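Here is the structure we will look at.
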Amino acid sequence: HTKLLQLLTTKPE
Amino acid sequence: LNPPALTPEQLIQQIMEAEPPEIYLMKDIRRPLTEANVMMSLTNLADKELVHMISWAKKIPGFVELSLLDQVHMLECCWLEVLMIGLMWRSVNHPGKLIFSPDLSLSREEGSCVQGFVEIFDMLVAATSRVRELKLQREEYVCLKAMILLNSNMCLTSSEGSDELQSRSKLLRLLDTVTDALVWAIAKTGLTFRQQYTRLAHLLMLLSHIRHVSNKGMDHLHCMKMKNMVPLYDLLLEMLDAHIVHSS
């Protein structure tokens, strides 16, 4: 789940 | 300490603010329409929408407090349902057409150039006409979409770890607060109590249609992938494969 996890764990802009 | 609970009105306000922006395909679909370039445009758009869906989910009050495993599972289970209810919402005032984006709408015959798609097209158009019939309100729509997300992975047995159990009880509480917000939105329409319960039932029955169409759509997309009909982008491919794993 690389892309999904990456988007879930990035801080909101 | 739990943050002070939001009132139904405040919760709806926050879920409304979480709504993704209008997403454009930004490229004219190549004409004449062939199976390949329709699928190319639809998957291109879906991949963009998925990025916005993940930031939408993170803005649902309480979602990021759930375990990361639950967050991943829920999105993997419901992503096509969320895309489809958004498609229905955009198409509600365009009988017979599906407005995938402001610059990509398809009629039934245009959709029929993709093998196996017309059956799904017809189900989406039928569900959209039900939404039109019900005169779904925006407040009700955003609550239903949040419920699709939060209700999506009940079927998955999670590990019995304590943090998973804690996450599950948080999830159930969260689902109840969204249900309260939906009940509040329905009550605002001034219906009698009996009419309110009936409307709540009608709206929740929509969700089972959406789950059904989504499963059909997932199978269709999977067989398009197996036929190498369309290059799938990384996020969309990941979400498709993950859903197949969950449902198998």
Side-chain angles (χ1 to χ4, degrees), chain A, chain B residues 14-15 17-21 23 43-44 46-80 82-83 149-150 152-153 156 167 171 231-246:
Chain A
H1 321 289
T2 45
K3 188 88 172 151
L4 172 58
L5 262 184
Q6 178 200 341
L7 288 167
L8 271 176
T9 47
T10 46
K11 287 283 162 253
E13 59 283 343
Chain B
Q14 290 204 25
I15 299 180
E17 282 156 16
E19 275 293 281
I23 298 157
T43 51
N44 184 327
D47 191 67
K48 287 185 189 179
E49 289 189 270
L50 281 171
V51 174
H52 289 280
M53 183 189 305
I54 293 162
S55 59
W56 159 78
K58 288 161 71 175
K59 293 173 192 161
I60 305 285
F63 180 78
V64 293
E65 276 75 45
L66 300 170
S67 74
L68 198 52
L69 185 68
D70 271 347
Q71 294 177 41
V72 166
H73 278 172
M74 282 189 274
L75 281 161
E76 289 174 344
C77 284
C78 79
W79 63 269
L80 190 52
V82 173
L83 289 185
L149 172 70
L150 299 172
S152 58
N153 79 332
L156 283 185
S167 182
L171 174 55
L232 290 180
Y233 303 81
D234 49 359
L235 181 56
L236 177 59
L237 182 58
E238 194 179 295
M239 300 299 272
L240 172 65
D241 289 346
H243 190 280
I244 301 294
V245 166
H246 286 317

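By convention in this document, chain letters (A, B, ...) are assigned in the order of the sequence lines, proteins followed by strands, and residues within each chain are numbered from 1. Please read these numbers as outputs of a predicted model, since none were measured by experiment.
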Practice task
Using a 4.5 Å cut-off on heavy atoms from C-beta on, say whether the side chain of A/L5 contacts that of B/L68.
Solution key: yes

Handout entry: Side-chain heavy atoms of A/T9 within contact of B/Q71, under 4.5 Å
Key = no

Practice task
To the nearest 0.5 angstrom, please state how far the CD1 atom of B/I54 sits from the CG atom of A/L8.
Solution key: 6.0 Å

Handout entry: Rounded distance [0.5 Å steps], CG in B/D47 versus NZ in A/K3
Key = 7.5 Å

Problem - Listed partners of B/E65 passing side-chain contact (heavy atoms from CB on, under 4.5 Å), at least two apart - result: B/K170

Fill in the blank from the handout: Among B/L50, B/D241, B/D234, the residue with the most heavy-atom pairs under 4.5 Å to chain A is B/D234

Completion exercise
Cut-off 4.5 Å, heavy atoms of chain A, and the answer for B/L75 is side chain

Problem - Considering all heavy atoms, the nearest A/L4-B/M239 contact - result: CD2-SD, 3.8 Å

Problem - Evaluation steps, side chain to side chain contact (heavy atoms under 4.5 Å, CB included), between B/L235 and A/Q6 - result: CA-CA 10 Å; B/L235 181 56; A/Q6 178 200 341; over 6 Å; no

